[in-house]
Structures are given as C-alpha cells and as structure tokens.
Amino acid sequence: MRTDLRKSVLALTVLLIATFNVGQAQEGFRYLILKGGPVYQDAWNATMGIDFVTRYHNSFELSLNYYRHKTDYENYLLGLFYKPALSRSKNATLKLRLGSHIGTDNSDFILSAHGGLEFLQSLSPGVDLLISGTGGYYNRRNRWRIAGEIGLRFSF
C-alpha cells in the first residue's frame, strides 16, 4: 500500500512539472533589471526591477526607482510598465515603454505618466544589455523629466 502512495505522488509530481513547463519558449521568463543614468536637467536615476516576459516578446516591468537632483532633492518611486515589442531580430529587440510611477519625496505623494523606448541586445544566454530612454510628467518638483539609462538584464 505504501508503494502505491509513492507511485501516485511520483505520477502527480511528473504531471505537475509537465503541466507548468508546456509552451514556455517565450512566455514565463523573468529578468532582474539593474540600470542607471542621467536625467535632464542635472539629476540621476537608478532603477532595479523585474521584467515578466509574456507572449510575442512583450513584457511587464515592476521596478523601484531612485531619483536624485543636484540640489539634494530625491524621491523613491514604484513603477509599472507595459512594454510591447516593436521590432525583433535574432539578438536584439526594440520595445515601446508605457507606464507610470507612484512614490514619495518624503513630504509629498508623487504620481507620473511615462512613455519611451527600450533597446535590448543579447550579450550571452541569460544576460542582455539594456538601453532605455523615457520621458515623463510628474505632479511635483521637476515636473518634466527625460532620462537615458543603461544597464543589464539577468535571467532568473
């Protein structure tokens, strides 16, 4: 009777693994994003996020963003972006980047809307070079921000 239980558990485990691994050639990959760069005018951005790949190389990004202006003004933002693929070749992808940030500068609530482009170049299996340019409108200080960032994207 104990062997029947072991066989059932083994069969159920194999069935679950097979069910969750079907059709994930593109869909289901996750990437850790680390990037940073200058923001017009006299500021810097640093971003850490997770990129969830969906069908047809489109993706969703959930990110944490740190912004610092040279006048010691800083803020912390949480962002959600939808990134549909515009063009794809063997090792490169160009994506549209649409989304928003919410956050704080330790005194006020911040909300923003963004749009931009993102270019990905595969460096090796599981590692991509990421170059992005975004512009956005914020409801607080330094209302219009245009940022260029460069970084890496690691598969996990």
Side-chain angles (χ1 to χ4, degrees), residues 16-17 19-156:
L16 287 173
I17 290 171
T19 302
F20 287 115
N21 284 326
V22 170
Q24 291 190 7
Q26 299 170 16
E27 193 174 349
F29 278 93
R30 292 175 309 222
Y31 293 90
L32 173 66
I33 297 170
L34 300 170
K35 62 182 179 175
V39 179
Y40 179 79
Q41 182 172 9
D42 297 325
W44 284 90
N45 251 351
T47 303
M48 180 175 69
I50 299 176
D51 208 6
F52 300 96
V53 178
T54 62
R55 292 184 180 166
Y56 310 113
H57 301 282
N58 299 332
S59 60
F60 287 95
E61 177 186 322
L62 181 62
S63 62
L64 295 171
N65 182 275
Y66 173 73
Y67 168 85
R68 184 171 179 89
H69 192 269
K70 74 172 186 174
T71 61
D72 291 334
Y73 173 75
E74 59 186 12
N75 56 46
Y76 307 91
L77 305 164
L78 176 67
L80 180 62
F81 295 90
Y82 174 62
K83 303 188 301 188
L86 297 176
S87 176
R88 171 99 173 120
S89 69
K90 185 175 181 181
N91 291 322
T93 306
L94 179 65
K95 295 183 177 189
L96 187 62
R97 193 167 188 266
L98 302 169
S100 66
H101 278 133
I102 60 170
T104 183
D105 61 3
N106 293 330
S107 63
D108 291 317
F109 175 75
I110 298 173
L111 181 64
S112 70
H114 286 269
L117 294 173
E118 179 176 271
F119 175 76
L120 299 163
Q121 175 66 48
S122 180
L123 299 176
S124 68
V127 179
D128 297 330
L129 174 68
L130 184 143
I131 300 170
S132 68
T134 57
Y137 179 78
Y138 292 76
N139 68 335
R140 291 288 173 244
R141 190 170 165 190
N142 303 335
R143 293 188 186 274
W144 286 102
R145 296 181 192 169
I146 300 169
E149 294 181 304
I150 188 166
L152 295 173
R153 187 176 88 149
F154 302 96
S155 156
F156 69 95

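Being a predicted model, the structure only gives us computed values, none of them experimental.
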Next on the checklist: Using every non-hydrogen atom in the two residues, find where H114 and G136 come nearest and quote the distance to one decimal.
Outcome noted: ND1-CA, 3.8 Å

Checklist entry - Nearest heavy-atom pair of N58 and A85: which atoms, and what distance? => result OD1-N, 2.7 Å

Next on the checklist: Under a 3.5 Å distance rule, please check whether K95 uses its side chain to pair with a backbone N or O of H57 as donor and acceptor.
Outcome noted: yes

Next on the checklist: Here's one to test your reading of the geometry: is the NZ or CZ of R145 within 45 degrees of the ring axis of Y67 and under 6.0 Å from its centre?
Outcome noted: yes

Item to check | Minimum side-chain heavy-atom gap F154-F156 below 4.5 Å | outcome: no

Checklist entry - Is there a side-chain contact between R68 and Y73 (heavy atoms, below 4.5 Å)? => result no

Checklist outcome for this item: Tested for side-chain hydrogen bond (donor to acceptor under 3.5 Å, both in side chains) against T93, the lone hit among Q121, R88, K83 is R88

Checklist entry - Does R30 reach the side chain of S155, with side-chain heavy atoms less than 4.5 Å apart? => result no

Checklist entry - Are R143 and Y138 in a cation-pi setup, meaning NZ or CZ lies under 6.0 angstrom from the ring centre and within 45 degrees of the ring axis? => result no

Checklist entry - Would a line drawn from the ring center of Y66 to the ring center of Y76 be shorter than 6.0 Å? => result yes

Next on the checklist: Walk me through whether K35 and I150 qualify under side chain to side chain contact (heavy atoms under 4.5 Å, CB included).
Outcome noted: CA-CA 5 Å; K35 62 182 179 175; I150 188 166; over 6 Å; no

Checklist entry - Can you tell if the side chain of H101 reaches within under 4.5 Å of the side chain of L64, non-hydrogen atoms only? => result no

Item to check | Check: L130 main-chain N/O paired with D128 side-chain donor or acceptor under 3.5 Å | outcome: no

Checklist entry - Is R153 close to E61 at the side-chain level, that is, under 4.5 Å between some pair of heavy atoms? => result no

Next on the checklist: With side chain to side chain contact (heavy atoms under 4.5 Å, CB included) as the criterion, how do L96 and E118 come out once you've worked through the C-alpha distance, each side chain's angles and the decisive distance to 0.1 Å?
Outcome noted: CA-CA 6 Å; L96 187 62; E118 179 176 271; over 6 Å; no

Next on the checklist: Could you tell me if R140 and T104 have a donor-acceptor pair between their side chains, going purely by distance under 3.5 Å?
Outcome noted: no

Next on the checklist: Would you say that N139 contacts I110 through its side chain, given a criterion of any heavy-atom pair below 4.5 Å between the two side chains?
Outcome noted: yes

Checklist entry - Run the ring pair (Phe, Tyr, Trp, His ring centres under 6.0 Å) check on F60 and F52 step by step: do they pass? => result CA-CA 5 Å; F60 287 95; F52 300 96; 8.4 Å; no

Next on the checklist: Main chain of K70, side chain of D42: is a donor-acceptor contact present, judged purely on distance under 3.5 Å?
Outcome noted: no

Checklist entry - Is any side-chain heavy atom of P38 closer than 4.5 Å to a side-chain heavy atom of W44? => result yes

Checklist entry - Side chains of S63 and F81: closer than 4.5 Å at any heavy-atom pair? => result yes

